[in-house]
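Shown next, in structure tokens, is the structure this report addresses.
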Amino acid sequence: MAEGEGEDRIELKFRIFDGTDIAHSNYPPSTTVGTLKQRVIDEWPQDKTVTPNSVNDLKLIHAGKVLADSNKTLADSRITFGDNPTGAITMHVVVQPPVAKKKTDKNQDGKKKMNSCSCTIL
């Protein structure tokens with residue numbers, strides 16, 4: 001433990017949808033949520049059918065709370081090394097790509113067509 005030897009570090013691992021743990025390491029409390037998300041993307045298993053394209057596709061969940069602000073640090077998020085003295089803290093990872101606005105527009109167009117009717121009198 002050469003670098004940051006005197007600094008308390010937080011042992012984290014990230015669990016993805018199928019129960020696989022990735023990016024298991026010790027992180028300084030000054031690590032940002034954005035940095036963690038990038039690390040998860042970098043270590044994402046290539047054989048998975050669901051893969052994130054960017055950090056915006058990921059949600060990190062700790063103790064039932066979504067760590068949404070990418071600029072917040074682990075310390076800001078109140079994640080401390082004392083939370084789990086016997087091992088790593090597990091954060092859950094959810095992949096949720098943003099919904100494209102075009103799909104929403106198409107759905108609204110479809111609703112307009114569904115609400116229209118026509119009558120033919122013979």
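In this text the structure is predicted, and so the values were computed from the model without any measurement.
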Side-chain heavy-atom pair Ser70, Lys37 within 4.5 angstrom cut-off: yes
Cluster overlap Ile61 with Val93, hydrophobic side-chain contacts below 4.5 Å: no
Pairwise distance NE2(His62) to CG(Leu74) - rounded to 0.5 angstrom: 9.0 Å
Quick one: side chains of residues 44-53, donor-acceptor pairs under 3.5 Å with protein atoms, not counting sequence neighbours, listed by atom name and distance.
residue	atom	partner	partner atom	Å
Trp44	NE1	Val50	O	3.0
Gln46	NE2	Trp44	O	3.3
Lys48	NZ	Asp18	OD2	2.4

OG1-CG distance between Thr35 and Asp42, expressed to the nearest 0.5 angstrom: 10.5 Å
Linked, directly or transitively: Phe17 and Met91 (ILVMFWY side chains, under 4.5 Å): yes
Spacing of CD1 belonging to Ile41 relative to CG belonging to Asn56, to within rounding of 0.5 Å: 8.5 Å
Leu60, Leu58, Thr20 screened by side-chain contact (heavy atoms from CB on, under 4.5 Å) with Phe14, the one that passes: Leu60
Any Val33 side-chain heavy atom under 4.5 Å of Asn71 side chain: no
For Thr73, all residues meeting side chain to side chain contact (heavy atoms under 4.5 Å, CB included), sequence neighbours excluded: Thr32, Ala75, Asp76
Ile16 side chain reached by His92 side chain, heavy atoms, under 4.5 Å: no
Name of the residue among Leu36, Asn26, Ile10, Leu12 meeting side-chain contact (heavy atoms from CB on, under 4.5 Å) with Thr31: Leu36
Approximate separation, where rounding is to 0.5 Å, of Gln38 CD and Glu43 CD: 11.0 Å
Test item: Lys13 and Ser25 side chains (from C-beta on) under 4.5 Å apart, heavy atoms: no
Listed partners of His24 passing side chain to side chain donor-acceptor pair (under 3.5 Å), at least two apart: Glu11
